Amino acid sequence: MLEIKNLHARIGDAEILKGVTLTIPNGEIHAIMGPNGAGKSTLSYVLSGREGYEVTEGEALFNGENILEMEPEDRAAAGLFLAFQYPVELPGVGNANFLRTSLNAIRRKRGEDELDAVAFLKLARAAVKQLAMKEDFLKRNVNVGFSGGEKKRNEMLQMAILKPHLAILDETDSGLDIDALKIVAEGVNTLRDETFSALVITHYQRLLDYIVPDMVHVLAGGKIVRSGPASLALELEASGYAGLEAA
Amino acid sequence: MNALPTRKLEAWRYTDLRPLSALSFGAPPVAVAVPDLPELPFPRFVFLNGTLNPTLSTGFAYAKPFAAPPTFGSQPMAAINAEHVGGGINIEIPVGQDAGEALLVSQADGVTPFAYHPRHRVTLGQGAKFTLIEIDEGAGTYWQNAVFEIEVAEGAVFQHFRLQRESMEAFNTIFIHADIAAGASYEHFTLTLGAKLSRTEIEANLLGQNALAHLNAAQLLGGTQHGDFTTIIRHKAPNCPSRQTVKSVLAGRARGVFQGKIEVDQIAQKTDGYQMSQALLLSPDAEMDIKPELQIFADDVKCSHGATIGALDEEQVFYLRSRGIPEADARQILIRAFLEEALEPVTHDASKALFEEVLESWWGRQ
Ligand SMILES: Nc1ncnc2c1ncn2[C@@H]1O[C@H](COP(=O)(O)OP(=O)(O)OP(=O)(O)O)[C@@H](O)[C@H]1O
Ligand SMILES: [Mg+2]
């Protein structure tokens, strides 16, 4: 599904990613942990195509294609989805309209029929219910006035509707209450199959109780410094990141 | 002809009429082309090259014969208008009457440059209601210099929605004077898309308690277009709200101007004024001048004003693109969202639909 090879990226003069190598096979869920400022969000932005990053070396193959050369919208159409660490507010843009526009843009690019308003609303309402969100979320402006946890749920609503093949969840668990955490985990787990993989960035073992990862990686100082099974997260929780950077 | 105002006048500091004075305008030619008219099912007045066309116009129960114009103090464009005035509409809505809506279409065909100076008058009796949708359009080089005289009596509601989509070689100047009595409302919205140079100037007097003025506008300009929206709201009675949201989207080397003056007389206690002007610059060569001005002589008033000038938020653009929305569409969605607050007060469905439709085609042109 995703093969990142020796990825180096910089912002201005600062090299943030210093040779990230990581493979996520089809159907697997991998977690990335690591200290603040390690480059986890940078990795997710570089993969999804945000401007301002210069890739100086390496590649990222998504189902065999180097996505680093694609426009962000084409990456989305190919099935990549980033749940933002800090979801963006869009005043004046209705949530339902936004969701329908993005779903239809993706469907169009894939050569599928667009959904009309009625069919879309049916789908969206079901997803809202599944995520235990209030129905008025669809009517409100995108993320405007949403609480921290509500913004994260809104990211999950988008994921549920867009049904990506690879989801990158950047600290989606931060700021979520226990119930919301379970709902998010369920959202990921229901998508879990051979055509869906996920990269879950988190600081807490807690989420990984519900989304059990196939592997856990530690990103520190712009590199993956350690990888291991799900139990690695528990170990890190006990010992912290001390000493890992040098490894 | 009376002289055109120059930039030496404070009120004309940001709008230079020299491109207008450089041209010489002949008399309006007789219109030959049969125009495309908007498909709105309302009574309509159609002016071709400044002359009311009786075939294309329908009757309207409240239309009166054209009346000789008064003048408005020192307003220079109104003085020029008074000198040359050739026609216009004169509408009187009787007391208590809900007159529905009417359409005022002004089309011009400037094969050779010409000027026309319409003088329109709309008066609403007590408790009356009326919506006027105005469309200014044309081809070639011409100058429309219109004056509107508006009186809204106690408790009446006048909605005045304008679509200015003149030719890109045209000049459009309009001066609107509105007297608004107690409990009455004047709800104005202008969407400026056309003309090489345009200026919409409104003078609204709130004359009785709870009189309301909404002076909203959106201007979308590109190329070397110049668009000016200038207003004076005079609070001359207590307890009057006034609302202004002015949004400018400027591409290319376009230049936008907003001058908004609010005068609050000593007796106008509990005035509630709100003024917001925001500009979105889509190119580094676009420019916006904003001049808010508050003159407050009462001590118990609430008057807020604000102004912002900025570019599109690239973070927002990326968020939309990361959801599969192509870049051009993402920008369009955000520009439309930027305009929302100015369009929101247009509560009249057919007008709103018209504005939405022309906005759609504006994106196509960019
Ligand atoms: N625009 C920028 N200009 C300069 N430095 C930046 C910029 N954006 C990020 N950085 C730096 O890049 C480094 C990596 O940031 P990143 O956001 O990827 O960290 P992170 O691992 O996601 O951290 P956290 O766990 O706190 O979310 C940090 O040192 C940060 O200060
Ligand atoms: Mg981060």
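Just so it is clear: chains get the letters A, B, ... in the order the sequence lines come, proteins before strands, and each one is counted from 1. Just so it is clear, the values below take in all heavy atoms, side chains as well, and ignore hydrogens, waters and symmetry mates. Fair warning: this is a prediction, and the values are worked out from it, not measured in the lab.
The contact between B/Glu327 and chain A is made by backbone and side chain atoms together, counting heavy-atom distances below 4.5 Å. Contact annotation for B/Leu334: only side-chain heavy atoms (C-beta onward) come within less than 4.5 Å of a heavy atom of chain A. For a residue to count as touching a neighbouring chain, one of its non-hydrogen atoms must lie under 4.5 Å from one of that chain's; by this rule B/Asp313 does not touch chain A. Of the two parts of A/Arg50, the backbone and the side chain both hold a non-hydrogen atom closer than 4.5 Å to a non-hydrogen atom of chain B.
The residue among A/Val93, A/Asp74, A/Ile106, A/Leu90 with the most heavy atom pairs within less than 4.5 Å of chain B is A/Leu90. For chain A, the option among B/Glu340, B/Glu314, B/Arg336, B/Glu315 with the highest count of heavy-atom pairs below 4.5 Å is B/Glu315.
Not a single donor-acceptor pair under 3.5 Å links the side chain of B/Lys196 to the backbone N or O of B/Thr224.
Using a 4.5 Å cut-off on side-chain heavy atoms (C-beta onward), B/Phe355 and B/Val346 make contact.
Donor-acceptor pairing under 3.5 Å is lacking for the side chains of B/Ser283 and B/Asp285.
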Identify each donor-acceptor pair in which a side-chain atom of residues 131-140 of chain A lies under 3.5 Å from a protein atom, sequence neighbours left out, and give them as a table.
unit_1   : atom_1 : unit_2   : atom_2 : d
A/Glu135 : OE2    : A/Arg125 : NE     : 2.7
A/Arg140 : NH2    : A/Gly145 : O      : 3.3

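Ring geometry for A/Phe98 versus B/Tyr319: interplanar angle under 30°, hence parallel rather than tilted (30 to 60°).
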